[in-house]
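Letters go in sequence order (proteins before strands), and every chain restarts at 1. This is a predicted model, so every value here is computed, not measured. The figures that follow rest on heavy atoms only: side chains count, while hydrogens, waters and symmetry mates do not.
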Number of protein chains: 2
Amino acid sequence: MFSKACKYAIKALIYIASRSNDATRISLRDIAAKIDSPEHFTAKIMQVLSKQGIVSSIKGPNGGFYIENDAPPIKLLDVVRAIDGVQHLSGCGLGLKECSAHQPCPIHNEFSEIRGQMLTMLRENTIQQLAAELSAGHAVLKH
Amino acid sequence: MFSKACKYAIKALIYIASRSNDATRISLRDIAAKIDSPEHFTAKIMQVLSKQGIVSSIKGPNGGFYIENDAPPIKLLDVVRAIDGVQHLSGCGLGLKECSAHQPCPIHNEFSEIRGQMLTMLRENTIQQLAAELSAGHAVLKH
DNA sequence: ATAAATAAAGACAAAAATATCTTATATTAT
DNA sequence: ATAATATAAGATATTTTTGTCTTTATTTAT
């Protein structure tokens, strides 16, 4: 469904959000350990998220990543778009360059419906909400 | 969503089914041209489908691929499973090895719902039905 | 029988995704 | 100031996916 990079991104953000209530900074090492991801690969992903303004970071001792308490809700859609790109969520299910209601691929309608539901889900769920689930012990990020 | 290989597989099968009413054999060259795919890569995919008994083939002059008229309906799910594998449709949305209602990832429920809908769609739609859509001019396989 | 046509199979190449390692830069603490 | 710590950035390696090319095996038509 999503690339590994995107899965790491979502998990990293949920973990950061679950820990940055008091503006603590979360180190890469900690993130990678908690979400069970390759540290340097995760670093690359965090850089993208940081450049896009989805997460904040500070270098140096006691540095790390964090999400402001008053930051606007981060939709899963924002993350997927930042890492996997828009075409991942808009392209034709069978890979046609021009697939539309007017000139549809054979599964156009069926696929559009499911994708619509996926988009709705990605819009309705935010990193902060999911982080709360994690904090409440209702979910886990590894194993 | 699906790999390119899987998209090629679905398109190839739909095209074959749309043409093999009178047990004509469809050549690889023809398939690749009609679905706009790399011929030899498509060949590899067809070999998998052939070994799995999803499509039939004959070598030699006038040889090619075909689907028996009395063949059972081929569900899209059969094709996706054959090419992308089951884990593509059963794995955790965030990549956890063990993700269940008991120990769920943060998007377990939301993701399960959408995947369920996807599975239903893949079970309800068959290559033969989609081929009929193609034959009726209600759908296209390229551009 | 022979040649031609076609899928099957295998070897290889290119591209993309994932992963690792090293160096640079910024920040903090001493 | 200096050393330590952390992200940023860049280079490289590995793996997976996709794509190409060549050879083999099978079937048909002549």
Side-chain angles (χ1 to χ4, degrees), chain A residues 1-13 16 19-20 23-33 35-67 80 82-85 87-88 91 94-95, chain B residues 1-13 16 19-20 23-33 35-67 80 82-85 87-88 91 94-95:
Chain A
M1 248 19 169
F2 308 123
S3 68
K4 277 191 168 193
C6 192
K7 292 173 187 172
Y8 293 150
I10 293 172
K11 286 187 281 192
L13 288 171
I16 294 167
R19 292 276 323 271
S20 61
T24 19
R25 286 74 175 264
I26 320 293
S27 78
L28 201 45
R29 185 152 19 115
D30 187 21
I31 294 170
I35 72 172
D36 198 22
S37 68
E39 185 172 331
H40 290 109
F41 185 50
T42 308
K44 291 291 162 57
I45 298 163
M46 296 311 296
Q47 283 164 28
V48 174
L49 296 175
S50 178
K51 279 177 187 161
Q52 303 241 357
I54 292 176
V55 74
S56 307
S57 72
I58 312 187
K59 292 180 181 177
N62 302 321
F65 297 90
Y66 62 99
I67 294 172
V80 175
I83 304 297
D84 281 346
Q87 77 290 348
H88 189 82
L94 292 184
Chain B
M1 246 22 169
F2 308 124
S3 69
K4 278 192 167 191
C6 191
K7 293 173 186 172
Y8 292 149
I10 293 172
K11 287 187 281 191
L13 288 171
I16 294 167
R19 293 276 322 274
S20 61
T24 19
R25 287 74 175 265
I26 320 295
S27 76
L28 200 46
R29 184 151 21 112
D30 187 21
I31 295 170
I35 72 172
D36 198 23
S37 69
E39 186 172 331
H40 290 110
F41 185 49
T42 308
K44 291 293 163 56
I45 298 163
M46 296 311 296
Q47 284 165 27
V48 174
L49 296 175
S50 179
K51 279 179 187 162
Q52 303 241 357
I54 292 176
V55 74
S56 307
S57 72
I58 313 187
K59 292 179 180 178
N62 302 322
F65 298 89
Y66 62 100
I67 294 171
V80 175
I83 304 298
D84 280 346
Q87 77 291 349
H88 189 81
L94 292 184

J.: Return yes if some donor-acceptor pair links the side-chain N/O of Thr42(B) with the main-chain N/O of Leu28(B) below 3.5 Å, else return no.
T.: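 No, the answer is negative, given that no donor and acceptor are paired below the 3.5 Å cut-off.
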J.: Would you kindly give the OH-to-P distance between Tyr8(B) and dT20(D), to the nearest whole Å?
T.: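 Atom OH in Tyr8(B) sits about 9 Å away from atom P in dT20(D).
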J.: Taking the side chain of Ser50(B) as heavy atoms from C-beta outward, which of dT20(C), dA8(D), dA8(C) is closest to it?
T.: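 Closest nucleotide among those given: dA8(C).
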J.: Which residue lies toward the 5' end of DNA chain C, Lys44(A) or Asn62(A), if each is placed at its nearest nucleotide?
T.: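 Upstream on the strand: Lys44(A).
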J.: Which part of the nucleic acid, if any, lies within contact of Ile83(B), taking any heavy atom under 4.0 Å across all strands shown: a base, the sugar-phosphate backbone alone, or nothing?
T.: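 Nothing, no nucleic acid heavy atom in range.
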J.: At 4.0 Å (heavy atoms only), tell me whether Arg29(B) reaches a base, stays on the sugar-phosphate, or touches nothing.
T.: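 Arg29(B): backbone/sugar contact only, no base atoms under 4.0 Å.
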J.: When you get a sec, tell me which of dA7(C), dA19(C), dT7(D) is the closest nucleotide to the side chain of Lys59(B)?
T.: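 Side chain of Lys59(B) sits closest to dA7(C).
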J.: When you measure from the side chain of Pro61(A), which nucleotide among dT27(D), dT7(D), dT27(C) comes out closest?
T.: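 From the listed options, dT27(C) comes nearest.
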J.: To the side chain of Lys51(B), which of dT27(D), dG19(D), dA9(C) is closest?
T.: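 So the side chain of Lys51(B) is nearest to dA9(C).
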J.: Is there a donor and acceptor pair, one atom on the side chain of Lys4(B) and one on the base of dG19(D), closer than 3.5 Å?
T.: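 Not at all, since no donor on one side and acceptor on the other fall under 3.5 Å apart.
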J.: With a 4.0 Å cutoff (strictly under), does any side-chain N or O of Ser57(B) reach OP1 or OP2 of dA8(C)?
T.: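 Yes, because at least one side-chain N or O of Ser57(B) sits under 4.0 Å from OP1 or OP2 of dA8(C).
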J.: If you check the His40(A) side chain, which of dT20(C), dT27(D), dA8(C) turns out closest?
T.: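 The nucleotide sitting nearest to the side chain is dT20(C).
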J.: Using 30° and 60° as the class boundaries, would you call the ring planes of Phe2(A) and His88(A) parallel, tilted or perpendicular?
T.: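 Phe2(A) vs His88(A) ring planes: tilted.
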J.: Return yes if some donor-acceptor pair links the side-chain N/O of Ser20(B) with the main-chain N/O of Ile67(B) below 3.5 Å, else return no.
T.: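 Yes, because the side chain of Ser20(B) sits within donor-acceptor range (under 3.5 Å) of the backbone of Ile67(B).
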J.: Rounded to the nearest 0.5 Å, how far apart are CD1 of Ile16(A) and OG of Ser27(A)?
T.: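 These two atoms lie 10.0 Å from each other.
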J.: Can you tell me the distance, in whole Å, between the CD1 atom of Ile45(A) and the C1' atom of dA9(D)?
T.: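 About 15 Å, once rounded to whole Å.
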J.: In whole angstrom, what separates Lys11(B)'s NZ from dT18(D)'s P?
T.: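 Distance, rounded to whole Å: 12 Å.
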J.: What's Ile31(A) touching, base or sugar-phosphate or nothing? Going by heavy atoms closer than 4.0 Å.
T.: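 Result for Ile31(A) = nothing.
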J.: To the nearest Å, give me how far apart CZ (Phe41(A)) and P (dA9(D)) are.
T.: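 My rounded result for the distance is 17 Å.
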J.: Once you round it to whole Å, what is the distance between P of dT7(D) and CD1 of Ile26(A)?
T.: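 Those two atoms, CD1 and P, are 10 Å apart.
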J.: Could you check whether Lys7(B) gets within reach of a base, just the sugar-phosphate, or nothing at all, counting any heavy atom under 4.0 Å?
T.: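 The residue Lys7(B) makes no contact with any strand.
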J.: Calculate, to the nearest 0.5 Å, the distance between atoms CZ and OG belonging to Phe65(B) and Ser57(B) respectively.
T.: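 The CZ atom of Phe65(B) sits 5.0 Å away from the OG atom of Ser57(B).
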J.: Nearest to the Gln47(B) side chain among dA8(C), dT27(C), dT20(D), which nucleotide is it?
T.: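 Out of dA8(C), dT27(C), dT20(D), the nucleotide with an atom closest to Gln47(B)'s side chain is dA8(C).
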J.: Taking atom P of dA8(D) as reference, at what distance in whole Å does atom CD of Gln52(A) sit?
T.: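 That distance rounds to 14 Å.
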J.: Taking only the side-chain heavy atoms of Ile58(B) (C-beta and beyond), determine which of dT27(D), dT20(C), dG19(D) contains the nearest atom.
T.: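 Comparing dT27(D), dT20(C), dG19(D) against the side chain of Ile58(B), the answer is dT27(D).
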J.: How many angstroms lie between atom NZ of Lys4(B) and atom CG of Leu94(A), to the nearest 0.5 angstrom?
T.: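 Nearest 0.5 Å value for the NZ-CG distance: 13.5 Å.
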J.: Which whole-number value in Å describes the distance from Glu39(B) CD to dT22(D) C1'?
T.: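 The answer, rounded to whole Å, is 14 Å.
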J.: Rounded to the Å, how far apart are Leu49(B) CG and dA9(C) P?
T.: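 So the two atoms are 13 Å apart, to the nearest Å.
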